[in-house]
Amino acid sequence: MPTALVVGAGVGGLASGLALRRAGWDVRVFERAMDVRAVGFGLALAPNAMAALRRLGLKEAIAAETITPTVAEIRRPDGHVIRRFSGDSHNLPPGDRLSFILRPALHAALTDALAAHGVSVETGLSADAFDATDRLVHLRFLDGVTATGDVLIGADGIVSTIRARLHPFEPPAHPSGHFAVRGHSTAIDRLNGVHAFWYLGPGIESGIVQASRTGIYWFQSLLADDVRSGTAEVRDVVARVSARFDAQYRAIVEATAPDAQRLDELFVRQPLDRWGTGRVTLVGDAAHPVLPHTGQGAALALEDGVVLGDALAGATDPVRALRHYEAQRLGPTRRIMAAGPRMAQVTTTRSRALGAIRDATIRAIPVTLLARAFARPEGR
Ligand SMILES: Cc1cc2nc3c(=O)[nH]c(=O)nc-3n(C[C@H](O)[C@H](O)[C@H](O)COP(=O)(O)OP(=O)(O)OC[C@H]3O[C@@H](n4cnc5c(N)ncnc54)[C@H](O)[C@@H]3O)c2cc1C
């Protein structure tokens, strides 16, 4: 049986490993962290993510863990309701519905399915370099350990070592101009029966969603200048930002433990014209990092895994199969990469005029079109 070496046990690496195992490959997944458990923040699962999860055989495992909001409000930070939805999503086609999950639940579903196929993630191994011949790929780790396989999949995130080896002259990822704060809490009673709030104000976007039966996930999308205008400690940033919001918002954020909040600067890269070469390719953020404003990073990583598994299933020429995989994924992922900065500009604009047009559009647009804009950026 041919062997695939997968570097990185994030959503992209786990999905690729699972898809390849289901396609009849031997799979080894390597992770530099000592523990593969994800931090407990949430994820929006767009319809394409759900379709990919179904293809990976995870429909039931995921159904028990996801929440699809039916009561939602779009607000200004002062609490003024721009638009309220109540039960509308019942009438939406499944292809326009957005669901939420906590990351540990998604990771657990993927790692459990891999374990059921006899694959355990090999932790504490940081990939450093590879040599590829016509027939094999030799992977080296920082501690001198090596592994040999038929193909190598770089699923090692936006600061990918495998990508750096494939494209040594590429400039590093650069700041997008945005930061994100994420938090999770169990103060579910403070939602008062609403499953999701989306706040839009000058220079700020924030969301609060029920992401499990007992858990809330919230995020803030902030302009880099605003974060840098004071101390960049997560608790100070959150306190400064939250002061601009209504009492319900503040109560939810204040109910979040300090170690359940995290601040990240967001980076972008120019799209690559080609991802891999020979027996090596990339998936997920390593191939095509997208801004979280698209809600598509994990979804694209899951789709990559499915398409990769299809391409390599029964492939007699793995090199050709990898190029076929890349040819299918380059276009769609490039469009979402390009959409990210545009979406971030609309949701976090400081322009009062643009903000007023955006809010008026939200009030006027039919619910089906608004849902589609969230669930299928770029009309996918
Ligand atoms: C604030 C924020 C909110 C987001 N919200 C959403 C959302 O709502 N919906 C959505 O679909 N997406 C969302 N995303 C995007 C999504 O989280 C990412 O696109 C997705 O997790 C990428 O998965 P990945 O497996 O490609 O990379 P990662 O999750 O970065 O995983 C890479 C893995 O590789 C490991 N690794 C790195 N280097 C090495 C090495 N040299 N050797 C071995 N292992 C290595 C890392 O430790 C890590 O475990 C969000 C992102 C952010 C920052």
Side-chain angles (χ1 to χ4, degrees), residues 5-17 28-39 41-50 52-53 98-103 106-107 110-111 121-130 139-143 145 147 152-165 173 176 178-184 196 205-207 209 211 217-222 261-268 282-305 333 336-337 340 343-344 374-375 377:
L5 308 177
V6 180
V7 174
V11 173
L14 296 173
S16 299
R28 295 184 70 186
V29 182
F30 307 102
E31 168 57 47
R32 72 177 167 195
M34 296 307 292
D35 188 343
V36 288
R37 275 181 303 172
V39 190
F41 304 120
L43 271 177
L45 287 177
N48 58 325
M50 297 301 257
L53 288 164
L98 196 62
S99 299
F100 291 87
I101 192 167
L102 290 177
R103 283 176 188 256
L106 178 59
H107 273 240
L110 288 163
T111 50
V121 176
E122 299 174 54
T123 55
L125 286 169
S126 190
D128 182 37
F130 64 83
L139 178 62
R140 283 194 308 280
F141 297 91
L142 283 178
D143 59 3
V145 172
L152 170 63
I153 315 300
D156 46 348
I158 185 167
V159 191
S160 163
T161 300
I162 303 302
R163 176 166 171 154
R165 301 288 178 227
S176 67
H178 285 83
F179 279 70
V181 180
R182 287 177 280 179
H184 67 101
E205 172 197 6
S206 184
V209 294
Y217 163 58
W218 56 265
F219 67 86
Q220 298 168 342
S221 167
L222 311 170
Q261 305 177 34
R262 173 176 161 157
L263 174 71
D264 289 287
E265 184 163 11
L266 303 176
F267 290 83
V268 288
L282 301 170
V283 299
D285 280 5
H288 47 70
V290 295
L291 284 178
H293 307 79
T294 62
Q296 277 286 314
L300 294 179
L302 290 165
E303 285 189 320
D304 288 349
T333 56
I336 302 287
M337 284 178 84
M343 295 173 86
F374 279 108

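Remember, it's 1-based here, ligands and their atoms both numbered in the order they're listed.
- Distances from ligand 1 to the non-hydrogen atoms of L300 include no value under 4.0 Å.
- The closest protein non-hydrogen atom to atom 12 (N) of ligand 1 is A298 N, 3.1 Å.
- Aromatic rings from H184 and F41 are positioned such that their centres are separated by under 6.0 Å.
- Residue A49 places no heavy atom under 4.0 Å from ligand 1.
- Looking only at side-chain heavy atoms (C-beta outward), L14 and L106 stay at 4.5 Å or farther from each other.
- Within the listing of ligand 1, atoms 41 (N), 42 (N) sit less than 4.0 angstrom from a heavy atom of S126.
- Inter-residue side-chain proximity for P289 and R163 is flagged as met; some heavy-atom pair is nearer than 4.5 Å.
- Between P292 and ligand 1, no pair of N/O atoms sits closer than 3.5 Å.
- Using modelled atom types, one side-chain atom of R165 and one backbone atom of D128 make a donor-acceptor pair closer than 3.5 Å.
- In terms of heavy-atom proximity, G12 sits nearest to A155 at C-CB, 4.1 Å.
- V7 is not listed as a side-chain neighbour of T161, based on a closest heavy-atom distance of 4.5 Å or more.
- Counting heavy atoms closer than 4.0 Å to ligand 1, residue V7 contributes side-chain atoms (C-beta onward) but none from N, CA, C or O.
- Q296 places a side-chain heavy atom less than 4.5 Å from the side chain of N48.
- Residue G295 has at least one nitrogen or oxygen atom sitting less than 3.5 Å from a nitrogen or oxygen atom of ligand 1, judged on distance alone.
- What sits closest to atom 35 (C) of ligand 1 on the protein, heavy atoms only, is E31 OE1, 3.2 Å.
- Contact detail for G340 and L291: the closest heavy-atom pair is C-CD1, 3.7 Å.
- Interface atoms of ligand 1 facing T161, defined by a heavy-atom separation under 4.0 Å, are 41 (N).
- Taking 4.0 Å as the cut-off, A299 counts as a neighbour of ligand 1 on heavy-atom distance.
- The distance from ligand 1 to the heavy atoms of G157 drops below 4.0 Å at these ligand atoms: 27 (O), 30 (O), 32 (C).
- The closest donor-acceptor contact from the side chain of E31 to the backbone of A9 lies under 3.5 Å.
- In the vicinity of D285, heavy-atom distances shorter than 4.0 Å reach the ligand 1 atoms 18 (C), 19 (O), 22 (C), 26 (O).
- Contact annotation for A46 and ligand 1: no heavy atom of the residue comes within less than 4.0 Å of the ligand.
- Considering A180, G8, G12, A129 only, the shortest heavy-atom separation from atom 24 (P) of ligand 1 involves G12.
- Heavy atoms of D156 found under 4.0 angstrom from ligand 1 belong to the backbone as well as the side chain.
- A donor-acceptor pair under 3.5 Å links the side-chain atoms of S206 to the main chain of F219, judged by distance alone.
- For ligand 1, the polar-atom distance check against G297 finds a nitrogen or oxygen pair separated by under 3.5 Å.
- Some N or O of A44 is nearer than 3.5 Å to an N or O of ligand 1, by distance alone.
- When non-hydrogen atoms are compared, ligand 1 lies under 4.0 Å from the backbone of A127 as well as from its side chain.
- With hydrogens left out, the protein atom closest to atom 32 (C) of ligand 1 is A155 O, 3.4 Å, a heavy atom.
- Residue Y217 places no N or O, backbone or side chain, under 3.5 Å from any N or O of ligand 1.
- Ranking the protein heavy atoms by distance from atom 44 (N) of ligand 1 puts R32 N, 3.1 Å first.
- Atoms of ligand 1 found under 4.0 Å from any heavy atom of G284, numbered from 1 in the order shown, are 26 (O).
- For F100 and Y217, the ring centers sit 6.0 Å or farther from each other.
- A salt bridge does not link D156 with R32: every distance from a Lys NZ or Arg NE/NH1/NH2 to an Asp or Glu carboxylate oxygen is 4.0 Å or more.
- The distance from ligand 1 to the heavy atoms of G10 drops below 4.0 Å at these ligand atoms: 25 (O), 31 (O), 33 (C), 49 (O).
- The shortest N/O to N/O separation between L43 and ligand 1 does not fall below 3.5 Å.
- At a 4.0 Å heavy-atom cut-off, ligand 1 touches L125 through the backbone alone.
- Of the heavy atoms in Q296, only backbone atoms (N, CA, C, O) come closer than 4.0 Å to ligand 1.
- Only the side chain of R103 comes within 4.0 Å of ligand 1, counting heavy atoms alone; its backbone N, CA, C and O stay farther away.
- For D304 (side chain) and G284 (main-chain N/O), a donor-acceptor pair under 3.5 Å exists by modelled atom type.
- Between the side chain of S126 and the backbone N or O of L142 there is no donor-acceptor pair closer than 3.5 Å.
- Side-chain contact between W218 and V181 is present, with heavy atoms from C-beta onward closer than 4.5 Å.
- E122 has its side chain out of reach of V29: every pair of non-hydrogen atoms, C-beta onward, lies at least 4.5 Å apart.
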